[in-house]
Each structure stands twice: as structure tokens, then as C-alpha cells.
Amino acid sequence: MQTLTMTDTPRTRARQAELTDAQRRELDQSAAAVGKALEEVERHRQAYARTAHRIADELGRGGTSALARHLGTSSQYVSALIASARTVDEGSAAA
């Protein structure tokens, strides 16, 4: 008596699915919308960082701590936020 194992059966590849033109367009439009939204989020993040940087400068010593208390976050986060604003400002000055 011969027993068949999985390797005894011929292997065939599953047919590869293809997107329709409408599906491609829909995906491309969705991807483009996400890209635009991410760019908008990045612009707002940069504005947020510049605002935090300006306010910390206006407050002087202890400004970072005051911002951290108001935002409910750590001074380290505010420092990193402010540093990112400096990086953005330096990058735009170099351009």
C-alpha cells in the first residue's frame, strides 16, 4: 500500500490576483491623500515647535519647565521640541 504525502502531489501556483483600473485609481488617490495629510501634519508640527521655541525664549530661564507643565509633558520632550524648531530654522536659513 502506497501512502501519498504532500510532496507526492504536483504543485501548482495560485493564480495571481490583478487590480482593476478602478481599484488602482482608488488606491493611488488614497495614497496621495495620505501623503498630503502627512505634509500638512508636518507643517503644523513645525509651527508648534517654533511657537514653543519662541515662548520658551520669551520666558527665559524656567521657560522649558513652564511649557512642560502647561503641556503635561516632560522638560526633555519640550527641549527636543525646541531643538527640532532650531533644526527647521537652520535648514530654512541654509536653503
Side-chain angles (χ1 to χ4, degrees):
M1 174 189 247
Q2 181 182 12
T3 59
L4 292 176
T5 63
M6 288 185 66
T7 56
D8 292 334
T9 58
R11 293 180 185 223
T12 58
R13 279 195 118 133
R15 185 178 74 80
Q16 291 186 344
E18 293 291 327
L19 298 175
T20 65
D21 288 340
Q23 290 169 329
R24 283 190 190 98
R25 276 192 305 276
E26 185 179 2
L27 282 172
D28 291 346
Q29 289 170 351
S30 293
V34 167
K36 287 179 184 178
L38 290 173
E39 289 171 4
E40 186 70 15
V41 166
E42 180 57 20
R43 278 194 295 276
H44 286 290
R45 190 205 61 77
Q46 290 173 3
Y48 176 56
R50 284 191 299 272
T51 300
H53 183 246
R54 180 183 49 79
I55 291 171
D57 277 351
E58 288 172 2
L59 294 173
R61 185 179 177 118
T64 301
S65 297
L67 284 169
R69 283 191 306 276
H70 175 74
L71 297 174
T73 188
S74 68
S75 292
Q76 291 84 357
Y77 171 80
V78 173
S79 294
L81 182 65
I82 291 169
S84 75
R86 288 185 189 129
T87 303
V88 168
D89 290 342
E90 290 169 2
S92 61

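For reference, positions follow the sequence shown, starting with 1.
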> Are D21 and R24 within salt-bridge range, i.e. N to O under 4.0 Å?
Replying inline: yes
> If you measure from CD1 on I82 to CZ on R50, what distance do you get to the nearest 0.5 Å?
Replying inline: 14.0 Å
> Could you give the distance from CZ (R43) to CZ (R45), rounded to the nearest 0.5 Å?
Replying inline: 12.5 Å
>> Could you check whether E40 pairs with K36 (Lys NZ or Arg NE/NH1/NH2 to Asp/Glu carboxylate O, under 4.0 Å)?
In response: no
> Between atom NE2 of H53 and atom CG of L81, what is the distance when rounded to the nearest 0.5 Å?
Replying inline: 10.0 Å
> Which atom names give the shortest non-hydrogen contact between S79 and T64, and what distance separates them?
Replying inline: OG-CG2, 3.7 Å
> If you look at every heavy atom in A68 and S75, which pair is closest and at what distance?
Replying inline: CB-N, 3.7 Å
